Protein chains: 2
Amino acid sequence: MSGDGDDAGALLDQPGSGEIELVKVLHALGDPTRLHLLRIYASGEQCDCSSERLGLGHLHKSTVSHHMRIMREAGITSTRVVGRNRYVQLRRADLDARFPGLLDALLKSLEV
Amino acid sequence: MSGDGDDAGALLDQPGSGEIELVKVLHALGDPTRLHLLRIYASGEQCDCSSERLGLGHLHKSTVSHHMRIMREAGITSTRVVGRNRYVQLRRADLDARFPGLLDALLKSLEV
DNA sequence: CAAACTGTTTGACATCCATCAAACACTCTC
DNA sequence: GAGAGTGTTTGATGGATGTCAAACAGTTTG
């Protein structure tokens with residue numbers, strides 16, 4: 001059923017847009033797997049955590065969950081719980097507001 | 001004396017401008033001390049490693065040397081040996097060429 | 001309700017990392 | 001050349017990290 005009123009799913013805990021710390025963002029992205037995830041989410045994907053589109057088939061599901069948490073707690077992504085799935089999304093507006101130009105520069109750098 | 005012909009000092013080993021890897025740069029900057037160093041060097045300083053202007057008096061000199069190496073091997077800084085001093089400098093042009101806009105965005109984000 | 005599904009949590013483990021301390025290498029100065 | 005100065009290298013150590021595996025929790029379906 002639909003639960004207790006949230007028709008779009010509940011949002012997992014995450015830092016407020018003004019609380020995102022640069023050093024945590026950089027630390028989170030200083031890992032190949034999470035940098036790969038940034039690329040995926042930036043392409044507009046909003047897929048669940050076990051999607052094949054993530055390209056993480058070589059990692060255990062608990063490891064993927066671990067990376068998801070790091071990115072969410074750093075303020076890079078937001079996670080919405082819908083049913084038994086988690087939909088992860090890039091916090092593009094929040095990141096742009098806090099660190100103008102950074103995300104765009106990072107995404108452009110990823111293409112190199 | 002002047003040594004063997006290098007009047008500006010020898011350059012320590014560093015990756016070529018085309019070999020700088022984004023994930024290594026982000027990993028290097030995902031640390032409070034090194035992010036602090038980035039801010040110092042970006043201000044145009046080109047001081048030796050034990051300068052009080054680095055604001056690292058609380059760290060052992062070998063620890064500072066360790067951070068210097070991480071940043072140099074990531075391609076963020078270049079180190080020139082002059083006499084018994086090491087002059088460290090931000091590789092602004094190389095970083096801009098490889099990752100356009102990234103350094104500016106990072107420095108602007110540091111002001112927040 | 002039972003079974004399947006999705007993802008988290010906990011534990012274990014090997015590795016990496018930031019830090020300090022001591023020894024070393026190199027350079028400058030006396 | 002002896003001593004001082006600057007920074008690196010090596011070793012040690014405690015803490016963080018990435019990974020897997022197993023157990024668990026919530027949800028959907030039969």
Side-chain angles (χ1 to χ4, degrees), chain A residues 1-14 21 23-24 26-37 46-54 56-74 77-89, chain B residues 1-14 23-24 26-37 46-74 77-89:
Chain A
M1 293 295 187
S2 59
D4 52 5
D6 253 344
D7 64 345
L11 217 59
L12 292 189
D13 261 358
Q14 63 181 35
E21 293 176 35
V23 67
K24 287 189 181 176
L26 297 179
H27 181 260
L29 296 180
D31 174 271
T33 300
R34 295 191 291 261
L35 204 52
H36 170 79
L37 285 175
Q46 192 187 346
C47 42
D48 52 275
C49 296
S50 60
S51 170
E52 299 174 355
R53 286 179 293 181
L54 291 183
L56 297 181
H58 56 108
L59 289 180
H60 196 276
K61 59 179 181 172
S62 61
T63 302
V64 176
S65 178
H66 165 71
H67 286 302
M68 299 292 192
R69 189 160 66 99
I70 300 282
M71 295 190 73
R72 176 170 49 82
E73 290 179 347
T77 58
S78 67
T79 301
R80 209 160 33 84
V81 180
V82 178
R84 56 187 173 191
N85 297 312
R86 263 79 171 166
Y87 292 101
V88 179
Q89 192 175 231
Chain B
M1 296 292 185
S2 59
D4 52 6
D6 252 343
D7 63 345
L11 217 58
L12 291 188
D13 261 359
Q14 63 181 34
V23 67
K24 286 189 182 177
L26 297 179
H27 180 260
L29 296 180
D31 173 90
T33 300
R34 295 191 291 260
L35 204 52
H36 170 79
L37 284 175
Q46 192 187 348
C47 41
D48 52 275
C49 297
S50 60
S51 170
E52 298 174 355
R53 286 180 293 182
L54 290 183
L56 296 181
H58 57 108
L59 289 181
H60 197 277
K61 60 178 182 173
S62 61
T63 302
V64 175
S65 178
H66 165 72
H67 286 302
M68 299 291 192
R69 189 161 65 98
I70 299 282
M71 295 191 73
R72 175 170 49 84
E73 291 179 348
T77 57
S78 67
T79 300
R80 207 161 35 85
V81 180
V82 179
R84 55 188 172 190
N85 297 312
R86 263 77 168 167
Y87 292 101
V88 179
Q89 193 176 228

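The figures that follow rest on heavy atoms only: side chains count, while hydrogens, waters and symmetry mates do not. Each chain gets a letter, A, B and so on, in the order its sequence line appears, and its residues count up from 1. Since the model is a prediction, treat every value here as computed from it, not as a measurement.
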Value in whole Å for how far the [atom2] atom of [N] lies from [atom1] of [X]:
{"X": "B:Tyr87", "N": "C:dT27", "atom1": "OH", "atom2": "C1'", "value": "12 Å"}
{"X": "A:Leu29", "N": "D:dG18", "atom1": "CG", "atom2": "P", "value": "12 Å"}
{"X": "B:Arg86", "N": "D:dG5", "atom1": "CZ", "atom2": "P", "value": "17 Å"}
{"X": "B:Leu26", "N": "C:dC17", "atom1": "CG", "atom2": "P", "value": "15 Å"}
{"X": "A:Leu12", "N": "C:dT6", "atom1": "CG", "atom2": "C1'", "value": "13 Å"}
{"X": "A:Asp13", "N": "C:dT9", "atom1": "CG", "atom2": "P", "value": "11 Å"}
{"X": "B:Met71", "N": "D:dG7", "atom1": "CE", "atom2": "C1'", "value": "17 Å"}
{"X": "A:Glu73", "N": "D:dA16", "atom1": "CD", "atom2": "P", "value": "14 Å"}

Ignoring hydrogens and angles, does a donor from either the side chain of A:Ser62 or the base of D:dA21 sit under 3.5 Å from an acceptor on the other? yes
Is there a side-chain polar atom (N or O) of [X] under 4.0 Å from OP1 or OP2 of [N]?
{"X": "A:Arg84", "N": "C:dA4", "result": "no"}
{"X": "A:His27", "N": "D:dA16", "result": "no"}
{"X": "A:Thr63", "N": "D:dT19", "result": "no"}
{"X": "B:His67", "N": "C:dC17", "result": "no"}

Quick check for you: among C:dC20, D:dG7, C:dT19, whose closest atom lies nearest to any side-chain atom of B:His60? C:dC20
Quick note, B:Asn85 side chain, CB onward, closest among C:dT6, D:dG7, D:dG18 is D:dG7
Under 4.0 Å, heavy atoms only, any strand: does B:His66 hit a base, just the sugar-phosphate, or nothing? base
Sugar-phosphate, base or nothing in reach of A:Ile70, heavy atoms under 4.0 Å: nothing
Compare all side-chain heavy atoms of B:Asp31 with those of B:His67 and state whether any distance is below 4.5 angstrom. yes
Any side-chain heavy-atom pair from A:Gln14 and A:Thr79 closer than 4.5 angstrom? no
Might you point out which heavy atoms bring B:Leu35 and B:Leu29 nearest each other, and give the distance in Å? CD1-O, 3.7 Å
Pairwise 5' ranking along DNA chain D for B:Thr79 and A:Leu59, keeping only the more 5' one: B:Thr79
Name the residue closer to the 5' end of DNA chain D, choosing between A:Thr33 and A:Lys61 according to the nucleotide with the nearest heavy atom. A:Thr33
With distance as the sole test, does A:His27 use its side chain to make a donor-acceptor pair with the main-chain N or O of B:Pro32 at under 3.5 Å? no
When you measure from the side chain of B:Arg34 to the backbone N and O of B:Ala28, does any donor-acceptor pair fall under 3.5 Å? yes
